[in-house]
Amino acid sequence: MTPDQLSSAIAACLRDAVAAGDFEVDVPSEVRVERPKSREHGDWATNIALQLGKKAGLPPRRFAELLADRLAGIPGVESVDIAGPGFLNIRLDAAAAGELARTIVEAGEAYGTNEALAGHVVNMEFVSANPTGPLHIGHTRWAALGDSIARVLKASGAEVTREYYINDAGNQMNIFALSVYNRLHGLPVPDGGYPGEYIRELGDQVLRAHPGIRELTLEAAIPVIRQLAYEAQLKDIKATLADFGVEFDVYYSELELHSTGAVEDAVDRLREQGHVDDVDGAVWLRTTDFGDDKDRVLIRANGEPTYFAADAAYYLSKKDRGFEEKIYLLGADHHGYVNRLKALAAAAGDDPERNIEVLIGQLMSVNGAKLSKRAGNIIELRDLIQWLGADALRYSLGRYPADSPMTIDPELLKRNTNDNPVFYVQYAHARSRAASVNAEEKGVRRSVFDASLLGHETENELLSHLGRFPSVVAQAASFREPHRVARHLELVAGAYHRWYSSCRVAPLATEPVEDVNRTRLWLNDATSQVLANGLGLLGVSAPEKM
RNA sequence: GCCCUCGUAGCUCAGGGGAUAGAGCGUCCGCCUCCGGAGCGGAAGGUCGAAGGUUCGAAUCCUUUCGAGGGCACCA
């Protein structure tokens with residue numbers, strides 16, 4: 001029995017009790033069952049009596065007493081105890097608990113998916129690094145986290161589009177092009193320009209694509225260089241993201257917003273909504289109507305649109321493309337944007353509480369990371385991947401919530417012991433695969449499944465962690481916190497190791513294969529499946545061997 | 001000055017109203033005659049930054065306060 005099944009069975013009991021006149025209360029749509037911290041408190045516990053007792057006009061303990069007998073009648077429930085102020089502690093019989101192992105094996109990769117966010121149409125924008133240089137440490141955390149959030153959202157039934165906004169418009173593109181131009185002509189880096197060896201590499205690529213580029217005048221060369229160098233740099237960014245296991249569905253060009261007139265349209269549309277003012281020759285969006293601390297300029301007095309105007313057009317594009325929920329992942333250094341983005345959504349006629357969500361993450365650092373000379377003394381993502389491995393990096397970034405600053409310790413990540421959580425979890429997976437192979441070599445097959453044979457204490461613990469996996473995924477999705485998945489995998493891995501050390505899958509050489517071995521193979525394989533599914537959500541591989 | 005985030009074990013951190021606040025590391029003590037010891041079992045370690053409040057119950061929610069980090073462009 002899965003916790004979800006238990007939870008709906010309890011809700012049914014509540015409805016029965018109300019129908020029988022035991023008490024008068026509105027039955028909530030969802031009854032939460034929790035894993036008690038102490039094993040003495042049973043397999044599952046619910047505080048429903050504490051929540052509803054008052055509403056029913058009964059002391060919680062009395063409410064619990066009225067419910068307990070009905071709960072005890074649920075098939076698969078062995079016993080129900082009332083504890084403390086009115087907790088209901090539920091113990092399942094071994095067969096009901098063990099049935100889960102078969103459920104998981106049969107569900108395979110689908111185990112853990114759920115419908116918590118079914119019907120949600122989500123646009124997730126993250127990374128969006130300027131195409132003027134390689135990805136660096138500042139983009140790393142959001143690449144990992146954004147991708148994992150997208151994965152848990154999808155696993156929970158949401159329709160998700162991962163989107164990368166390319167800032168290919170502003171003046172930085174001209175400076176970028178000029179930096180390459182100067183490099184091609186052996187001139188120094190321009191004021192505010194981009195240093196670093198990669199500019200020379202880009203110059204080489206531009207030269208290959210356009211051998212006569214050096215002969216062109218500055219005015220003629222810049223647009224050509226800008227385009228070629230931009231394409232080469234974007235390709236490089238995509239390649240690095242691919243190495244990191246991150247794929248975007250849409251790369252959205254800021255330049256297109258300008259060239260197609262979308263920016264002007266956006267200003268007009270906002271004006272129609274009645275939130276635009278003309279002051280001192282500039283066009284302003286009255287974001288203070290919606291909680292921003294000052295109004296924002298859309299079109300400067302010189303007629304040039306601001307970056308914010310493009311943001312507005314981009315937001316409207318997302319809205320027009322049918323995205324109900326627009327999630328932005330920004331670094332803490334951009335948190336000043338939150339209010340104006342929300343105000344923008346409101347000015348566009350959206351509900352800032354529902355249609356837009358801005359996730360702010362704190363910055364990260366890596367102890368002892370080498371600065372990249374080729375990129376101008378920044379720490380490149382490409383180098384981090386090569387140094388630490390994509391798996392270790394993805395997992396480390398995935399196991400912390402976004403809102404606390406973090407420091408990565410490379411010495412730890414390179415260690416193959418269980419203070420390195422990625423190894424701990426991957427090891428458990430590899431070990432379970434090895435155990436499975438070994439068992440099959442000894443003649444153990446999943447030909448028999450008798451859940452009542454899974455009665456060992458460690459099996460009970462392991463099963464309960466496996467059973468909670470789908471709700472952990474659902475929670476990770478609704479809180480946008482994939483680290484919950486990582487933490488849960490660590491619990492599963494720990495429970496697996498404990499089980500492994502007290503219950504053999506394959507029999508000893510001197511003993512015959514019995515049903516208990518066959519049944520345990522199901523549990524073993526169910527564990528592999530959960531670990532693999534969970535690691536997949538984090539973008540981390542689940543190795544067969546290490 | 002205003003705004004946002006964070007203060008939990010020696011360290012790195014979980015904990016989104018519930019029972020005796022958890023995990024890993026580090027420290028100490030144990031466990032390999034057969035499926036991966038890259039593991040497992042146990043011990044020690046806490047005024048949850050502080051003070052009020054909300055209620056049956058607060059690390060969790062609210063207010064104040066102290067400390068750390070970040071942000072407040074007609075830049076992109």
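Chain A is the first sequence line, chain B the second, and so forth, proteins listed ahead of strands; every chain is numbered from 1. Here the structure is a predicted model, which means the values were calculated and not measured.
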**Message:** Counting only Watson-Crick pairs (N1-N3 plus N6-O4 or O6-N4) and G-U wobbles (N1-O2, O6-N3), all under 3.5 Å, who is the partner of B:C35?
**Reply:** none
**Pairing partner (Watson-Crick or G-U wobble, both distances under 3.5 angstrom) of B:C28** = B:G42
**Request:** Select one nucleotide: of B:G36, B:C3, B:U5, the one nearest the side-chain heavy atoms of A:Gln362.
**Result:** B:U5
**Fill in**
In numerical order, the residues of residues 389-402 of chain A whose heavy atoms come under 4.0 Å of RNA chain B are A:Tyr400, A:Pro401
**Item:** All pairs passing salt bridge (charged side-chain N to carboxylate O under 4.0 Å, His left out) where residues 522-532 of chain A contributes a residue, at least two apart
**Value:** A:Arg433-A:Asp525, A:Arg446-A:Asp525
**Request:** Answer with base, sugar-phosphate or nothing: what part of the nucleic acid does A:Glu440 contact at a heavy-atom distance below 4.0 Å?
**Result:** nothing
**Prompt:** Taking the six-membered ring for Trp, are the ring centroids of A:His497 and A:Tyr500 within less than 6.0 Å of each other?
**Reply:** no
**Pair partner, B:C72 [Watson-Crick or wobble, under 3.5 Å]** = B:G1
**Asked** Can we say A:Glu357 and A:Arg480 salt-bridge, meaning some charged N sits less than 4.0 Å from an Asp/Glu carboxylate O?
**Response** yes
**Asked** Touch check for A:Leu508, heavy atoms < 4.0 angstrom, all strands: base, sugar-phosphate only, or nothing?
**Response** base
**Item:** Test item: side-chain donor near acceptor, A:Arg226 and A:Asn174, under 3.5 Å
**Value:** yes
**Asked** Is the distance between the ring centroids of A:Phe126 and A:Trp142 less than 6.0 Å?
**Response** no
**Message:** How long is the straight-line distance from CG of A:Leu67 back to CD1 of A:Ile48, given to the nearest 0.5 Å?
**Reply:** 8.0 Å
**Asked** What does B:G17 pair with, Watson-Crick or G-U, if both distances are under 3.5 Å?
**Response** none
**Request:** Check side chain to side chain contact (heavy atoms under 4.5 Å, CB included) between A:Asp4 and all other residues, then give those that pass, not counting sequence neighbours.
**Result:** A:Thr2
Are there any protein N/O atoms within less than 3.5 Å of an N/O atom in nucleotides 56-63 of chain B, and if so, which ones and at what distance?
residue, atom, partner, partner atom, Å
B:C56, OP1, A:Lys54, NZ, 2.6

Report, one pair per line, the protein and nucleotides 72-76 of chain B atoms (nitrogen or oxygen only) whose separation is under 3.5 Å.
residue, atom, partner, partner atom, Å
B:C74, O3', A:Arg300, NE, 3.2
B:C74, O2, A:Ala301, N, 3.0
B:C75, OP2, A:Arg300, NE, 3.1
B:C75, O3', A:Arg300, NH2, 3.4
B:C75, N4, A:Tyr337, OH, 3.2
B:A76, OP1, A:Arg300, NH2, 2.8
B:A76, OP2, A:Arg300, NH2, 2.3
B:A76, O3', A:Gly170, N, 3.4
B:A76, O3', A:Gln172, OE1, 2.2
B:A76, O2', A:Gln172, OE1, 2.7
B:A76, O2', A:Gln172, NE2, 3.4
B:A76, N6, A:Tyr337, OH, 2.1
B:A76, N1, A:Tyr337, OH, 2.2

**Atom pair distance, as rounded to whole Å: CG in A:Leu330 and P in B:U5** = 14 Å
**Item:** A:Tyr165 and A:Tyr314 aromatic centres sub-6.0 Å
**Value:** yes
**Prompt:** Could A:Asp278 and A:Arg271 be called an ion pair, given the rule that one side-chain N must be under 4.0 Å from one carboxylate O?
**Reply:** yes
**Asked** Taking RNA chain B as the partner, which of residues 481-500 of chain A come within under 4.0 angstrom of it by heavy atom?
**Response** A:Glu481, A:His483, A:Arg484, A:Arg487, A:His497, A:Arg498, A:Tyr500
